[in-house]
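Input: a single structure, listed below in structure tokens.
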Amino acid sequence: MIRNHPLIKGAFILTFTGFVTRFIGFFYRIFMSQSFGEESVGIYQLIFPVYALCFSLTTAGIETAISRCVATYASLGRQDQARKSMYTGFFFSFSLSCVITLILQMNAAFIAQVLLNEPRCESLLVILSYTFPFASIHSCICGYYLGMRQTAIPAVSQLIEQAARVLSVYLMYHICLKEQITVNIS
């Protein structure tokens, strides 16, 4: 009976997925520090406060808001309103993320030199800016499926995202080594 309860089942799926992605991330950080060196990883880590701030501006709360609205409408049998809630959240989040992307790209030099005090972060900030529209899409879709009590879909997408990130960096690193291209983060 407890095993079939949707809240417990969903919490277990999301907790397990979170643990697995953190476990993968643990080894990913070890790989990064051994492959690129401590200084490069330190420079890479400098951009994450900017990432967290921009991510918060574009997606914070939208997943929860969409999830709550979708759950409410789904419980009332109004699937069309549930989808409209997701589309509305998607429009606002995606639009805001595109604006933040442009602002970050236009101000990457200032942020890197003045705020972070590390000019080598400028190119990383520009590259990082392209993640926000995709993050907003991901957040809205996950919010929709969480509201529909389908936790497996956000869980699987989180695992795929983490695996793709780690595998792509690993493969690019080894391709660069094979082609005798100097590899660094910045």
Please set out all donor-acceptor pairs under 3.5 angstrom arising from side-chain atoms of residues 10-31, sequence neighbours excluded.
residue : atom : partner : partner atom : Å
Thr15   : OG1  : Ala11   : O            : 2.7
Thr17   : OG1  : Ile13   : O            : 2.8
Thr21   : OG1  : Thr17   : O            : 3.1
Thr21   : OG1  : Gly18   : O            : 3.0

Are Leu57 and Ile103 connected, step by step, through hydrophobic side chains (Ile, Leu, Val, Met, Phe, Trp, Tyr) whose heavy atoms are closer than 4.5 Å?
-> no
Over all atoms of both residues, closest heavy-atom pair of Val126 and Ala108 = CG2-CB, 3.8 Å
Is the distance between the ring centroids of Phe134 and His138 under 6.0 Å?
-> no
Run the numbers on Gln162 and Leu159 for side chain to side chain contact (heavy atoms under 4.5 Å, CB included), then give the verdict.
-> CA-CA 5 Å; Gln162 180 76 331; Leu159 285 173; 5.9 Å; no
With under 30° as parallel and over 60° as perpendicular, where do the rings of Tyr44 and Phe48 fit, or are they tilted in between?
-> perpendicular
All heavy atoms of Ser56 vs all of Ala60, minimum pair found to be O-CB, 2.9 Å
What pair of heavy atoms forms the shortest contact from Ser97 to Thr58, and how long is it?
-> CA-CG2, 3.4 Å
Value for OG (Ser35) from CG (Leu177), rounded to nearest 0.5 Å, stands at 8.0 Å
Backbone N/O of Arg68 and side chain of Thr72: donor-acceptor pair under 3.5 Å = yes
Is it possible for you to say whether Leu104 and Ile137 belong to one hydrophobic cluster, with membership spreading through side-chain heavy-atom contacts below 4.5 Å?
-> no
Look at the side-chain heavy atoms of Ile, Leu, Val, Met, Phe, Trp and Tyr, link any pair under 4.5 Å apart, and say whether Ile181 and Val169 land in one connected group.
-> no
Rounding to 0.5 Å, atoms CD (Gln81) and OG1 (Thr88) come to a distance of 8.5 Å
Salt bridge (Lys or Arg N to Asp or Glu O under 4.0 Å): pairs with one or both residues in residues 85-105, sequence neighbours excluded = none
Can you tell me how far OH of Tyr145 sits from CE of Met86, rounded to the nearest 0.5 angstrom?
-> 7.5 Å
Student check: side-chain heavy atoms of Leu146 and Val70 closer than 4.5 Å | no
State plainly whether the residues Arg120 and Glu39 are in salt-bridge range, i.e. N to O under 4.0 Å.
-> yes
Mark yes when over 12 heavy atoms from residues, nucleotides or ligands other than Asp80 sit less than 6.0 Å from its CG; otherwise mark no.
-> yes
Keeping the roles fixed (side chain from Ser168, backbone from Arg165), state whether a donor-acceptor pair exists under 3.5 Å.
-> yes
Is a side-chain donor-acceptor pair under 3.5 Å present for Gln150 with Tyr144?
-> no
Is it possible for you to say whether Phe36 and Leu46 belong to one hydrophobic cluster, with membership spreading through side-chain heavy-atom contacts below 4.5 Å?
-> no
Distance col, row Glu118:CD vs Leu124:CG, nearest 0.5 angstrom, shows 9.5 Å
Is Ile153 linked to Val156 within one hydrophobic cluster, defined over Ile, Leu, Val, Met, Phe, Trp and Tyr using a side-chain heavy-atom separation of less than 4.5 Å?
-> no
At what distance, to the nearest 0.5 angstrom, does SG of Cys54 lie from CG of Leu128?
-> 7.5 Å
Taking Ser40 for the side chain and Gly37 for the main chain, is one N or O donor matched with an acceptor at less than 3.5 Å?
-> no
Have a look at Phe90 and tell me which of Phe92, Phe94, Tyr87 forms a ring-ring contact (aromatic ring centres under 6.0 Å, His included) with it.
-> Phe94
Under the side chain to side chain contact (heavy atoms under 4.5 Å, CB included) rule, what do Tyr73 and Arg83 come out as? Steps first, then yes or no, please.
-> CA-CA 9 Å; Tyr73 288 127; Arg83 278 191 295 282; over 6 Å; no
Once the angle between the rings of Tyr51 and Phe132 is folded into 0 to 90°, is it parallel (under 30°), tilted (30 to 60°) or perpendicular (over 60°)?
-> parallel
Is the backbone N or O of Pro133 less than 3.5 Å from a side-chain atom of Ser136, with the two atoms forming a donor-acceptor pair by type?
-> yes
Is Ser157 close to Cys142 at the side-chain level, that is, under 4.5 Å between some pair of heavy atoms?
-> yes
Show your reasoning for whether side chain to side chain contact (heavy atoms under 4.5 Å, CB included) applies to Ile66 and Ser85.
-> CA-CA 6 Å; Ile66 289 173; Ser85 295; 5.5 Å; no
Can you tell me how far the OG atom of Ser129 sits from the CG atom of Asn107, to the nearest 0.5 Å?
-> 11.0 Å
